[in-house]
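Let me give you the structure first, and then I'll get to my questions.
So you know, we letter chains A, B, ... as the sequences are listed, proteins then strands, and number each from 1. Below, all heavy atoms of this structure are taken into account, side chains as well, without hydrogens, waters or symmetry copies.
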Protein chains: 2
Amino acid sequence: MSEFTTYMDLALTEARAAAHRGETPVGAVIVQDGCVLAMAGNRTRELSDPSAHAEMLVIREACRLMSSERLPDMDLYVTLEPCPMCAATISAARIRRVYYGAPDPKSGGVEQGPRIFSHPQCHHKPEVYAGIGEEESAELLRDFFATRR
Amino acid sequence: MSEFTTYMDLALTEARAAAHRGETPVGAVIVQDGCVLAMAGNRTRELSDPSAHAEMLVIREACRLMSSERLPDMDLYVTLEPCPMCAATISAARIRRVYYGAPDPKSGGVEQGPRIFSHPQCHHKPEVYAGIGEEESAELLRDFFATRR
């Protein structure tokens with residue numbers, strides 16, 4: 001099992017915990033030099049905060065821990081393709097690499113929709129690796145929304 | 001003086017206060033039924049948080065006050081064209097109307113770059129009114145960056 005799978009497994013654990021709390025099951029982890037610096041799952045409902053996506057929470061926590069607005073030597077693992085808000089924040093925070101699980105045709109902002117990293121105005125484009133843990137991530141989301149409809 | 005100018009004047013006051021704190025001078029106000037619910041200026045440096053733009057701070061505060069992720073009857077006044085992160089959050093929060101001052105050719109996400117509200121994936125497009133208080137907003141930004149270079 002590669003290190004990438006291990007970190008994504010942690011993100012998937014956060015996604016499962018989010019589902020258990022009634023939140024959309026998405027989880028994220030920030031890694032620096034092989035160490036996990038922050039982990040989170042979605043908390044938009046709990047916090048009444050539309051910006052409390054897993055990616056935003058780990059970026060904000062890592063920035064707080066580092067006392068810096070920028071995280072140029074950090075990698076982000078997230079179970080779902082980031083939305084435009086999160087992709088733009090990843091860019092603002094100068095995250096080095098983004099590994100994500102399932103694509104999000106409905107609300108994704110990396111490979112579809114506004115394609116945040118592909119515009120000339122994008123000040124920083126991280127390396128992006130998709131499809132890690134895709135099956136498990138997609139299944140979590142399917143199960144979650146199946147029980148809600 | 002119209003009500004729009006009055007609200008934008010409050011946003012400009014927040015922008016001036018932000019400059020005084022060494023932050024990029026952008027300010028925002030959220031209005032519901034003619035009442036100001038939240039006001040803020042940028043605090044990215046102070047909070048070491050790349051997401052602490054004026055718009056994000058007022059949206060999060062208004063959501064907290066309303067215990068809701070959505071603000072469908074609220075209007076946002078902001079001195080500068082929202083960036084892609086803020087525009088996507090405005091959409092997620094279902095803000096009704098956005099009034100902004102100066103355009104932002106470098107980092108804007110409404111009328112340029114990823115044009116967040118103009119994609120089929122955009123789940124909510126607010127009414128957008130640009131150019132209110134544009135001169136003062138642009139002057140504040142010019143003065144701020146002139147003293148930094």
Side-chain angles (χ1 to χ4, degrees), chain A residues 23-24 42-53 55-72 74 81-95 103-124, chain B residues 23-24 42-53 55-72 74 81-95 103-124:
Chain A
E23 305 271 2
T24 305
N42 270 353
R43 290 190 182 270
T44 59
R45 290 183 57 175
E46 175 190 333
L47 301 178
S48 297
D49 180 353
S51 80
H53 284 188
E55 304 94 308
M56 298 290 278
L57 296 177
V58 290
I59 290 172
R60 294 178 63 205
E61 174 65 3
C63 285
R64 193 187 66 77
L65 290 169
M66 306 304 290
S67 300
S68 170
E69 291 171 60
R70 297 189 174 183
L71 310 169
M74 301 207 192
E81 177 185 351
C83 77
M85 172 186 73
C86 292
T89 309
I90 286 165
S91 187
R94 305 293 192 267
I95 296 280
D104 186 356
K106 191 164 158 272
S107 304
V110 175
E111 300 297 331
Q112 36 226 328
R115 291 179 169 74
I116 292 294
F117 303 138
S118 308
H119 281 274
Q121 281 92 338
C122 181
H123 302 311
H124 167 75
Chain B
E23 306 272 2
T24 304
N42 271 353
R43 290 190 183 270
T44 61
R45 290 183 57 174
E46 175 190 333
L47 302 177
S48 296
D49 179 354
S51 79
H53 284 187
E55 302 94 309
M56 298 291 277
L57 296 177
V58 290
I59 289 172
R60 294 178 64 206
E61 174 66 3
C63 285
R64 192 187 66 75
L65 290 169
M66 306 305 290
S67 300
S68 170
E69 293 171 59
R70 298 190 174 180
L71 309 169
M74 299 208 193
E81 177 185 351
C83 77
M85 171 185 75
C86 293
T89 309
I90 286 165
S91 186
R94 306 293 192 268
I95 297 280
D104 185 357
K106 189 164 161 272
S107 304
V110 175
E111 299 296 331
Q112 36 226 330
R115 291 179 169 75
I116 293 294
F117 303 137
S118 308
H119 282 274
Q121 282 93 337
C122 180
H123 303 311
H124 167 76

Chain B contacts, top residue of A:Gly109, A:Pro50, A:Ala88 (heavy-atom pairs, under 4.5 Å): A:Pro50

Which atoms of A:Leu71 approach chain B - backbone, side chain, both or neither, heavy atom under 4.5 Å: neither

Which atoms of A:Thr44 approach chain B - backbone, side chain, both or neither, heavy atom under 4.5 Å: both

Taking every non-hydrogen atom, the tightest pair across B:Asp49 and A:Glu69: N-CG, 4.0 Å

Chain B interface, residue from A:Ala93, A:Ala52, A:Pro84, A:Ser68 that has the most non-hydrogen pairs under 4.5 Å: A:Ser68

Spacing of CE belonging to A:Met85 relative to SG belonging to B:Cys86, to within rounding of 0.5 Å: 10.5 Å

A:Arg45 versus chain B, the contacting section by heavy-atom distance below 4.5 Å: both

Atom group of A:Met56 that falls short of 4.5 Å from chain B, counting heavy atoms: side chain

Salt bridge (charged side-chain N to carboxylate O under 4.0 Å, His left out) pairs, two or more places apart, involving residues 104-116 of chain B: none

Contacting region of A:Pro120 [heavy-atom separation from chain B under 4.5 Å]: neither

Crowding at CZ, B:Arg70 (>12 non-hydrogen neighbours, <6.0 Å): no

Side chain to side chain donor-acceptor pair (under 3.5 Å) partners for B:Ser107, two or more places apart: A:His123

